[in-house]
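Protein chains get the first letters and strands the later ones, always in sequence-line order, with residue 1 at the start of each. Predicted, not measured: the structure shown is a model, and the values here were computed from it.
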There are 2 protein chains.
Amino acid sequence: MPTRVAPPDPAYLTVQRWLREGITQGRWRVGDRLPSEAELVAQFGLSRMTVNRALTELHAQGLVRRVKGSGSFVAPLERLAATLQVRDVHEQIAERGHVHQAQVLALDRQTPPPAVAAALQLRKGGTAFYSQLLHLDNGVPLQVESRWVHPARAPQYLKQDFGQVTPTAYLLQVAPLVGAEVQIEAALAQPHEARLLGLSDAQPCLVVQRLTHSHEGPVSWVRLVHPGDRYVLQGKVTT
Amino acid sequence: MPTRVAPPDPAYLTVQRWLREGITQGRWRVGDRLPSEAELVAQFGLSRMTVNRALTELHAQGLVRRVKGSGSFVAPLERLAATLQVRDVHEQIAERGHVHQAQVLALDRQTPPPAVAAALQLRKGGTAFYSQLLHLDNGVPLQVESRWVHPARAPQYLKQDFGQVTPTAYLLQVAPLVGAEVQIEAALAQPHEARLLGLSDAQPCLVVQRLTHSHEGPVSWVRLVHPGDRYVLQGKVTT
DNA sequence: CAGTGGTCTAGACCACTAC
DNA sequence: TAGTGGTCTAGACCACTGA
């Protein structure tokens, strides 16, 4: 078996890494002008299209601000706010090597509360699909998922077996996602949620509410309740 | 004054939008093969570099999977996780048009708890700068910020007036940020935090903990405690 | 083998900025 | 006006895939 040789980095990545390191090491500080494309062409012996690609990608990543007619500058870092991911509970549990189970507590058609009806843009008095699941991590209750689904976006919703595939995964398949709004807060669980999670009423919970959109319009409104002592949202920022 | 004419979209954006709409409207579903670069070249009458740019950017955005020798495919959407921002409290308050004030409750040098000392990679028994601030939104307590700062990263930290500039903004200036780890949970405030926020002990709080890194190493560890009924993290997902 | 995407070149024209 | 970035072309060579 021949030795695996690492392929050499593309030239545009070499330029990119050189600029990136100069920025993080303080050679250029916020607001400073970076070398122009022409200077980089001369320095690295590449074509302009290649160094342009390096700079264009750094711009897309938010590290560099480019001004036509003026130059490329180190972007202000305040914009590089922390972003953190809100992911499907099944993935989160599986990633830890734990067993995920889901109990389907409700799956039917109901009249949603007015706020939900408005978010889903339902006709006045219209109904929607409703599901409630309890997600278990190695048998321990981790999340109560209460979800309203716009009937037109997922007509077969009620026929699914959500013990096997999570509603999140199913909806992503049938209603291509184009956006979402997420809201995270700390609150007390509602009494029946607390009972399902095995909590006393007074325990703080992390509550995630999310409204997803497909191209056709709102798809689903969901409320995820997690016991505060068993669930932590983790995130990383990498410039 | 002449009428402002909208500049025409670049050609690569036209191709990109055409592909993007085909995907969200279901013309191609997850896993389907998209037209090859050569086909797009023929269809749009552009050079290969231009359609390549359109596809490369869609790939960078996670919408498309590209396989050398095989083709471009619609990427599985499960990867499109929600990301949300954790921002400087001053910006958040100012954005709502409210008045932000900060009371400096502590600003000195102390011995940090072992977990913090480890996170900041301090020598055994070493000390660090400590600050504690109470942030007010229109006079109402919104956040208790307890922060430990590595002395080598911001030697002038104790001389700052944090009633004027938040520690977050100051540290971003003096210690270029290259990454961070964030953790969000729901928990009860510690007794003295609850007192500062004007809460009864039993109220749930949204607690954000964050460790920031500069190129030289760890900069700061911070714990932000917010009353659950006065603070919500908002986020958006856009594909 | 033909077809695919990954990368790169050496030009080009344009709109914009700063002097 | 000289320099900058934004875009585009018409080629090219390569590594890889699938029939």
Side-chain angles (χ1 to χ4, degrees), chain A residues 1-20 22-23 28 30-76, chain B residues 1-20 22-23 28 30-76:
Chain A
M1 168 177 153
T3 308
R4 213 25 167 143
V5 285
D9 270 354
Y12 75 93
L13 280 184
T14 305
V15 179
Q16 219 175 77
R17 188 173 46 238
W18 183 76
L19 290 168
R20 189 186 286 280
I23 292 172
W28 302 288
V30 170
D32 284 358
R33 230 195 90 166
L34 297 170
S36 72
E37 296 189 355
E39 288 166 334
L40 292 170
V41 163
Q43 176 175 342
F44 286 90
L46 299 168
S47 76
R48 200 192 137 207
M49 271 305 281
T50 303
V51 303
N52 177 282
R53 175 168 182 183
L55 281 161
T56 300
E57 287 190 6
L58 287 174
H59 171 65
Q61 293 162 13
L63 260 121
V64 163
R65 190 171 54 98
R66 310 197 74 192
V67 183
K68 200 190 318 193
S70 178
S72 302
F73 306 85
V74 179
Chain B
M1 169 178 155
T3 308
R4 211 34 165 137
V5 286
D9 269 354
Y12 74 93
L13 281 184
T14 304
V15 180
Q16 220 175 75
R17 189 172 45 237
W18 184 76
L19 290 168
R20 189 185 284 278
I23 291 172
W28 302 287
V30 170
D32 284 358
R33 229 195 92 167
L34 297 170
S36 73
E37 296 189 354
E39 288 165 334
L40 293 170
V41 162
Q43 175 176 341
F44 287 91
L46 299 168
S47 75
R48 201 193 136 206
M49 271 306 281
T50 302
V51 303
N52 177 282
R53 175 169 181 183
L55 280 162
T56 301
E57 286 189 5
L58 287 175
H59 171 64
Q61 293 162 12
L63 259 116
V64 163
R65 190 172 53 98
R66 310 197 74 194
V67 183
K68 202 189 316 193
S70 178
S72 302
F73 305 85
V74 179

Who passes side chain to side chain donor-acceptor pair (under 3.5 Å) against [X], sequence neighbours left out?
{"X": "B/E57", "result": "B/Q16, B/R53"}
{"X": "B/S47", "result": "B/T50"}
{"X": "A/S70", "result": "none"}

D/dG5, C/dC8, C/dT17: which one has an atom nearest the side-chain heavy atoms of A/A11? C/dC8
Tell me, which of residues 48-59 of chain B have any heavy atom that sits under 4.0 Å from an atom in DNA chain C? B/R48, B/M49, B/N52
[X] [atom1] to [N] [atom2], straight-line distance once rounded to whole Å:
{"X": "A/L13", "N": "C/dC8", "atom1": "CG", "atom2": "P", "value": "8 Å"}
{"X": "A/L34", "N": "D/dT4", "atom1": "CG", "atom2": "P", "value": "13 Å"}
{"X": "A/F44", "N": "C/dT9", "atom1": "CZ", "atom2": "P", "value": "13 Å"}
{"X": "A/F73", "N": "D/dT4", "atom1": "CZ", "atom2": "C1'", "value": "9 Å"}
{"X": "B/K68", "N": "D/dC16", "atom1": "NZ", "atom2": "P", "value": "5 Å"}

Sorted by number, residues from residues 35-42 of chain B placing a heavy atom under 4.0 Å from DNA chain D are none
For A/R65, report the nucleic acid contact type (base, sugar-phosphate, nothing); a contact means any heavy atom under 4.0 Å. nothing
Taking all non-hydrogen atoms of both residues, which atom of A/A75 and which atom of A/G62 are closest, and how far apart? CB-O, 3.4 Å
A/P35 and A/W28: which non-hydrogen atoms are nearest, and at how many Å? CD-CZ2, 3.6 Å
Of all residues at least two apart in sequence or in a different chain, which pass the ring-ring contact (aromatic ring centres under 6.0 Å, His included) check with A/F44? A/W18
For A/V41, check side-chain contact (heavy atoms from CB on, under 4.5 Å) against everything at least two apart and list the hits. A/R48, A/V51
To the nearest 10 degrees, how far apart in direction are the end axes of the helix from C/dC1-D/dG18 to C/dA18-D/dT1, each fit to five base pairs? 0°
Considering just the side-chain nitrogens and oxygens of A/Y12, establish if one lies under 4.0 Å of OP1 or OP2 belonging to C/dC8. no
Is any side-chain heavy atom of B/L19 closer than 4.5 Å to a side-chain heavy atom of B/V64? no
Any chance you could measure B/S72, atom OG, to B/N52, atom CG, to the nearest 0.5 Å? 9.0 Å
According to the salt bridge (charged side-chain N to carboxylate O under 4.0 Å, His left out) rule, which pairs have a member within residues 60-74 of chain B, sequence neighbours left out? B/E37-B/R66
Could I get the full list of salt bridge (Lys or Arg N to Asp or Glu O under 4.0 Å) partners for A/R33, not counting sequence neighbours? none
Would you kindly compare A/S70 and A/S47 by the position of their nearest DNA chain C nucleotide and give the one closer to the 5′ end? A/S47
